[in-house]
Amino acid sequence: MTRLCVPIFVEDPEQALADAREARDRGADIVEFRVDPYFHGSADADGAERTERLVALVAASPLPCIVTCRPVLEGGHYDGPDDARMALYERLGAMAGADGHAPAYIDVELATYKRSANLKQKVNLAVDHPAQLRPLTTQLILSAHDFQTRPPNLVRQVLEMQHEPACRVLKVAYRARSLRDNLELFDLLTEVQNAQDAGVPTDAGEASPGTKPVIALAMGPFGLLSRVLAPKFDAFLTFAALRRDKATAPGQPILSELLETYRFRSITRTTRVYGVVGWPVEHSISPLVHNAGFEAVGHDGVYLPLPVPPEYEHFKATVLALIDHPFLDLGGLSVTIPHKEHLVRLAREETALGDQRWSLDLLSERGGAANTLAIRRDARGQATRLDVRNTDAPAAIAALRAVRPDLQRVAILGAGGTARALAAAFRLRHTEVFIVNRTREKAETLVRELLTAESAGDGPGAAPPMPAQGLRVVEARELSSLHPDAVINCTPLGMQGGPGPSESALSLDVLCNLSDGTVVADCVYRPLATPLMSQAASRRLPCIDGLAMFLGQAAEQFSLWTDRSAPMQLFQTVASESLT
Ligand code: NAP
């Protein structure tokens, strides 16, 4: 079982004990006392008192604990002499004899351990190991951290730790440069898992390399995957902070997220992985909604935010690596800004290279943008079908038609991925479409490409093309004379964290001159009350915020991935609560 460990920076031992109790009450299995902010290693009365207070903290710990006094060189706070922290470890280890309440583990950096025979001997005095003569219970975690990148000597470090007889658990942590850096850690953990499954002993000493339990974590914004999926790969533990301001490493999730959003306790080797690919993606409510839905219908899956930088090369490399990773078991992706067109491009390029697993639905084909990938796998876990779908446009149209069933002509603001799919979908319904975009050239490209795709008559179920004049680029100021039945914002204007969070996608002039009864819809859902929605409401125009579209597209994705209907009431509740 992968343990859930709450790390606690000890600045005041009383507070650290209170935090440890809170960690226990909120479901942690183990705590790590990071004593380096408190312990300075001086040989005076203050130093002695601090040692005694740490001994008392460990003795009173409500959970098994790891004690770590991390030096500055490895990203910690301790800049005293090594001998002093080794003496602290030895004092703590010796508590086993006194009252049996010694630390379960001490964590010592591999670099420190190897630095001299003297230091190694001192560490070994504090822990249980094959040559230990005293009845000690504390075990040794050897660790290596890199706060910049994946260390070039990672494999050597792992082998060195494996071969140290006193080492019981290995820890490697490095800053991920992309999502792909998580995959190498999964490979490492899988190798250990396979060795254990083959019956190789898991203890130190004479055991073969590759058999000791491993903590393998990626740090930083790309590292969440490694932290949440630790139980899928039988990692020894993962860390979660009590609160955001208590994190001890970059990218560490908080306890409630891990237990409630990601349902950490239900993740096992068989859990299928899903996620939302975008940039930025941390504001997405999709993880909350889909994870709640998986739990409600009993689907063995977990859904994560997957940040991928905006360039196509990043998207391609990451998505192909995630699909083809032999043990990740990726079941599907939501794809959001700015990658919707990239998904279609990737499917087309891979198909052209001979990969017949990809298929595009009519809307993705016509619009050149898609928001969904559904992956079918065979019994061996190989991806056999990669279905690219657009669920945005049907969801937006359903929301609009619920308010205005007689839509004849619509204005779309924007010419990106969402705008393209909507234009294609409206055309299939023989609705007239006006495109308004900041960069007119991009809007003209959209029109040209959509008309070309329509005239190619692609795919089964393709409707006969609509007259070309039913699709055109216009300026926003023309809208009042064109009398659209609906105006739909498909730009990120008004979106929290976007390029213009306080800007409206339509100027007040234009909005005021729209005909009464024109429906104003926004794709942006965070916040629900965008400047556009607020202004349209003041003008007493019927409004549809981004939530209806969000729920519709998410429900369709959920069904594609799970073969079950989405629990709509739950989706609505979870999404509304997180947006208010
Ligand atoms: P995209 O492909 O990046 O396209 C963005 C479009 O917005 C482009 O046409 C761009 O114009 C325009 N734009 C960007 N910044 C602008 C600015 N500062 N001023 C004026 N125009 C600007 O994005 P997308 O994937 O289509 O998504 C668009 C929005 O819809 C996002 O906010 C997304 O979150 C939202 N959305 C919501 C849902 C939902 O479920 N509710 C579903 C899909 C999308 P240029 O051509 O001039 O660059």
Side-chain angles (χ1 to χ4, degrees), residues 276-286 289-290 305 308-312 315 334-345 363-364 367-372 389-400 411-425 435-447 449 473 475-476 488-507 510 521-528 530-533 543-558 566 571-572 575-576 578-579:
V276 51
V277 170
W279 188 270
V281 82
E282 64 270 18
H283 296 301
S284 172
I285 58 171
S286 296
V289 167
H290 283 296
V308 175
E311 298 77 17
Y312 175 66
F315 177 82
S334 308
V335 175
T336 187
I337 188 169
H339 291 305
K340 291 182 187 198
E341 290 158 79
H342 292 164
L343 179 56
V344 170
R345 179 175 165 191
L363 275 182
S364 313
N371 69 325
T372 309
R389 300 281 176 265
N390 193 303
T391 70
D392 280 336
I397 291 179
L400 281 164
I412 294 175
L413 311 180
T418 309
R420 282 173 162 268
L422 254 91
I435 308 284
V436 179
N437 193 44
R438 174 179 63 177
T439 315
R440 191 175 172 105
E441 201 185 356
K442 262 189 86 178
E444 279 162 358
T445 305
L446 183 163
V447 167
E449 290 181 356
V473 181
E475 295 300 323
I488 309 140
N489 175 35
C490 297
T491 78
L493 287 177
M495 182 174 83
Q496 183 186 321
S502 56
E503 284 178 54
S504 172
L506 214 52
S507 75
V510 174
D522 207 329
C523 289
V524 173
Y525 64 78
R526 189 185 277 276
L528 289 177
T530 57
L532 176 67
M533 286 290 92
C543 295
I544 302 176
D545 63 34
L547 185 58
M549 177 178 176
F550 172 81
L551 293 172
Q553 61 81 31
E556 184 59 25
Q557 294 184 326
F558 188 90
F571 270 28
Q572 169 91 45
S576 307
S578 71
L579 290 171

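Starting from 1, each residue takes its place in the sequence as its number. The figures here come from the full heavy-atom set of this structure, side chains too, leaving out hydrogens, waters and symmetry mates. One-based numbering, in listed order, for ligands and for the atoms of each.
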> State, yes or no, whether a side-chain contact exists between N489 and V524 at a heavy-atom distance under 4.5 Å.
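Yes. Closest side-chain heavy atoms under 4.5 Å.
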
> Considering residues at least two apart in sequence or located in another chain, which fulfil the salt bridge (charged side-chain N to carboxylate O under 4.0 Å, His left out) criterion with R526?
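Salt bridge (charged side-chain N to carboxylate O under 4.0 Å, His left out) list for R526, sorted by chain: empty.
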
> Is it true that R440 and E444 make a salt bridge, defined as a side-chain N closer than 4.0 Å to a carboxylate O?
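Yes.
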
> Pairs under 3.5 Å, N/O atoms on ligand 1 and on the protein: can you put them in a table with the distances?
residue, atom, partner, partner atom, Å
ligand 1, 2 (O), G417, N, 2.8
ligand 1, 9 (O), A415, N, 2.7
ligand 1, 9 (O), G416, N, 3.3
ligand 1, 9 (O), N437, OD1, 3.0
ligand 1, 11 (O), N437, OD1, 3.3
ligand 1, 18 (N), R438, NH1, 3.4
ligand 1, 25 (O), T418, OG1, 3.4
ligand 1, 26 (O), G417, N, 3.3
ligand 1, 26 (O), T418, N, 2.8
ligand 1, 26 (O), T418, OG1, 2.8
ligand 1, 27 (O), T418, OG1, 3.3
ligand 1, 40 (O), F550, N, 3.3
ligand 1, 41 (N), C523, O, 2.7
ligand 1, 41 (N), G546, O, 3.1
ligand 1, 46 (O), N437, ND2, 2.8
ligand 1, 47 (O), R438, NE, 2.9
ligand 1, 47 (O), T439, N, 3.2
ligand 1, 47 (O), T439, OG1, 2.4
ligand 1, 48 (O), R438, NH2, 2.9

> Please confirm whether the backbone N or O of M533 pairs with a side-chain atom of T530, one donor and one acceptor, at under 3.5 Å?
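A pair under 3.5 Å: yes.
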
> Thinking salt bridges, do R420 and E449 make one under a 4.0 Å N-O criterion?
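A salt bridge is present here (some side-chain N lies under 4.0 Å from a carboxylate O).
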
> Could you check whether F571 and H290 have their ring centres less than 6.0 Å apart?
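They qualify: ring centres under 6.0 Å apart.
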
